[in-house]
S.K.: 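Before we start, here is the structure in question, set down as structure tokens.
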Amino acid sequence: MLLLVAAFLVAFVLLLYMVSPLISPKPLKLAGAHVVVTGGSSGIGKCIAIECFKQGAFITLVARDEAKLVQAKKEIEKHSVNDKQVVLCISVDVSKEYRQVENVIKQAQEKLGPVDMLVNCAGTSLSGKFEEIEIDRFARLMEVNYLGSVYPSRAVISTMKERRMGRIVFISSQAGQLGLFGYTAYSPTKFALRGLAESLQMEVKPYNVYVTVAYPPDTDTPGFTEENKSKPLETKLISETSSLCQADQVARVIVKDAVQGNFNSSVGSDGYMLSSLTCGMSPVTTITEGLQQVRHAPNEKQDLV
């Protein structure tokens, strides 16, 4: 029986290897591409913008704080590879009104051309015990972390489908792969992004548009520093079991996966293991993603029984 299972796995790996050129998307060239980054004035979003700019992209930064946008623009422009590149800044709250978000995306496209890649990085975090979190904060987190990604994605999707090309990136979290103590308000908003990403990928893949959902670990950003001020002791102890990543390191991984059209994006060996354990029936665009699902198929079958 074991030999039969082993033979099946080997055959499946060989089959995936043979068909991988057919299922894997053509990499997106960032040179000359228009990349929109929401939440791009600081943290992971700013580092993603820098990484794309280094590869020749034109950048639109979207965030609420105008002063931070101006400062981020100056930092990003230091990494230009040619004198034609542009960094456009637009101040708007992407979680408030869809029509407002739609209008700023139109403005960006009029100035820099159609959006080739959208990175939904706008978000906020909150930790605390369930009964101690102010009730209105649950709705606000869902607005920022979920609707703040829905609105920009909705604004670019029609053009991407018409052009039959594009990338949409959702920045979730490892707290969007499994629920954690202290994240009863935060984790559900990040789980929601995965559900959105999986559903949307099924709709847009026939149009050569690919979705990436990233699950960054704890990362050294201003948002993480602010979150730590109210983090329960139990949550801090869980966080301390893994090292703190740097934003530029996380950004490089996310950009690489998005360009390749990979559905899942994780950082480091811990991130890979967590993605393997929680991949479920996520869309498959690489051999690695396919193997992650096959590896756990027997266990899932046992659980069903």
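Given the structure is predicted, the values throughout are model-derived calculations rather than measurements.
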S.K.: When you measure from the side chain of Gln85 to the backbone of Val81, do you find a donor-acceptor pair of N or O atoms at a distance under 3.5 Å?
M.R.: yes
S.K.: Check the pair Val169 / Val37 against side chain to side chain contact (heavy atoms under 4.5 Å, CB included), numbers first and verdict last.
M.R.: CA-CA 9 Å; Val169 183; Val37 184; over 6 Å; no
S.K.: Measure centre to centre between the rings of Tyr146 and Tyr151, then say whether the value is under 6.0 Å.
M.R.: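 Not close enough - the centres of the two rings lie 6.0 Å or further apart.
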S.K.: Please find the pair of heavy atoms, one from Ala185 and one from Leu126, that lie closest to each other, and give the distance.
M.R.: CB-CD2, 4.5 Å
S.K.: Can you name the nearest heavy-atom pair linking Phe170 to Ser153, along with the distance?
M.R.: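 Heavy-atom minimum between the residues: CE2-OG, 3.4 Å.
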S.K.: Take Lys73 and Glu77, measure what salt bridge (charged side-chain N to carboxylate O under 4.0 Å, His left out) needs, and give me the verdict at the end.
M.R.: CA-CA 6 Å; Lys73 173 182 168 73; Glu77 288 175 337; 3.0 Å; yes
S.K.: For the pair Glu198 and Arg194, find out whether any cationic side-chain nitrogen is under 4.0 Å from an anionic carboxylate oxygen.
M.R.: yes
S.K.: Any chance you could measure Arg137, atom CZ, to Glu132, atom CD, to the nearest 0.5 Å?
M.R.: 13.5 Å
S.K.: Take Ser41 and Asp65, measure what side chain to side chain donor-acceptor pair (under 3.5 Å) needs, and give me the verdict at the end.
M.R.: CA-CA 8 Å; Ser41 62; Asp65 193 314; over 6 Å; no
S.K.: Measuring from Lys129:NZ to Thr235:OG1, what's the distance to the nearest 0.5 Å?
M.R.: 9.0 Å
S.K.: Assess whether side chain to side chain contact (heavy atoms under 4.5 Å, CB included) is satisfied between Tyr186 and Ser173, documenting all intermediate values.
M.R.: CA-CA 10 Å; Tyr186 177 71; Ser173 163; 3.5 Å; yes
S.K.: State, yes or no, whether a side-chain contact exists between Pro232 and Phe181 at a heavy-atom distance under 4.5 Å.
M.R.: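 With C-beta onward as the side chain, the pair touches.
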S.K.: State, without any angle test, whether Thr124 and Arg140 hold a side-chain donor-acceptor pair at a distance under 3.5 Å.
M.R.: no
S.K.: Compare every heavy atom of Lys231 with every heavy atom of Ser239, then report the nearest pair and how far apart it is.
M.R.: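 Looking at all heavy atoms of both residues, the closest pair is OG-NZ, 3.5 Å.
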S.K.: Does any non-hydrogen side-chain atom of Leu30 lie less than 4.5 Å from one of Met117?
M.R.: yes
S.K.: Please tell me if the side chains of Val115 and Met160 come closer than 4.5 Å, counting only heavy atoms from C-beta onward.
M.R.: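 Yes, at least one pair of side-chain atoms sits under 4.5 Å.
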S.K.: Would the distance check show the side chain of Ser80 and the main-chain N or O of Asp83 forming a donor-acceptor pair, the cut-off being under 3.5 Å?
M.R.: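 Pair absent, no side-chain N/O of Ser80 close to backbone of Asp83.
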S.K.: Considering all heavy atoms of both residues, which atom of Asp248 and which atom of Cys47 are nearest to each other, and what is their separation?
M.R.: N-SG, 3.7 Å
S.K.: With a 4.5 Å limit on heavy-atom distance, are the side chains of Asn120 and Leu118 in contact?
M.R.: yes
S.K.: Check whether any side-chain heavy atom of Gln174 lies under 4.5 Å from a side-chain heavy atom of Pro216, and answer yes or no.
M.R.: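 Side chain of Gln174 against side chain of Pro216, heavy atoms only: no contact under 4.5 Å found.
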S.K.: Calculate, to the nearest 0.5 Å, the distance between atoms OG1 and CE belonging to Thr159 and Met165 respectively.
M.R.: 12.0 Å
S.K.: With side chain to side chain contact (heavy atoms under 4.5 Å, CB included) as the test, would you mind laying out the steps for Tyr183 and Phe130 before giving the verdict?
M.R.: CA-CA 8 Å; Tyr183 285 134; Phe130 181 63; over 6 Å; no
S.K.: Could you give the distance from OG (Ser187) to CG (Leu141), rounded to the nearest 0.5 Å?
M.R.: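 Between Ser187 OG and Leu141 CG, I get 10.5 Å after rounding to 0.5 Å.
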S.K.: Determine the sole option in Thr60, Val36, Leu69, Val62 for which the side-chain contact (heavy atoms from CB on, under 4.5 Å) test with Leu88 is passed.
M.R.: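 Among Thr60, Val36, Leu69, Val62, the one that satisfies the side-chain contact (heavy atoms from CB on, under 4.5 Å) with Leu88 is Thr60.
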S.K.: Considering all heavy atoms of both residues, which atom of Asp257 and which atom of Ser266 are nearest to each other, and what is their separation?
M.R.: OD2-N, 4.1 Å
S.K.: Arg64 side chain to Val94 main-chain N or O, any donor-acceptor pair under 3.5 Å?
M.R.: no
S.K.: Looking at side-chain heavy atoms only, is the closest gap between Ile254 and Ile171 below 4.5 Å?
M.R.: yes
S.K.: What verdict does the side chain to side chain contact (heavy atoms under 4.5 Å, CB included) test give for Val150 and Leu196, after you've listed the backbone C-alpha separation in whole Å, the side-chain angles of each residue and the deciding distance to 0.1 Å?
M.R.: CA-CA 8 Å; Val150 170; Leu196 171 62; 3.8 Å; yes
S.K.: Looking at Lys29 and Asp116, does any basic side-chain N land under 4.0 Å from a carboxylate oxygen?
M.R.: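 Salt bridge absent between Lys29 and Asp116.
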S.K.: Answer whether the closest heavy-atom distance between the side chains of Tyr215 and Val267 falls below 4.5 Å.
M.R.: no
S.K.: Would you find a donor on one side and an acceptor on the other, under 3.5 Å apart, between the side chain of Thr219 and the backbone of Pro217?
M.R.: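 Indeed, once roles are kept as given, a pair shorter than 3.5 Å links the two residues.
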S.K.: Mind checking the CG-NZ spacing from Leu180 to Lys190? Nearest 0.5 Å is all I need.
M.R.: 13.5 Å
S.K.: Measuring from atom CZ of Phe58 to atom CZ of Phe53, what distance do you get when rounded to the nearest 0.5 angstrom?
M.R.: 8.0 Å
S.K.: Work out which heavy atom in Val211 is nearest to a heavy atom in Gln201; give both atom names and the distance.
M.R.: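 Shortest heavy-atom separation between Val211 and Gln201 comes out as N-OE1, 2.9 Å.
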S.K.: Could you check whether Arg99 pairs with Glu102 (Lys NZ or Arg NE/NH1/NH2 to Asp/Glu carboxylate O, under 4.0 Å)?
M.R.: yes
S.K.: More than 12 foreign heavy atoms under 6.0 Å from CD of Glu66: is that the case here?
M.R.: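 For Glu66, atom CD is not crowded (no more than 12 foreign heavy atoms under 6.0 Å).
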S.K.: With side chains defined as the heavy atoms from C-beta onward, is the minimum distance between Cys52 and Ile59 less than 4.5 Å?
M.R.: yes
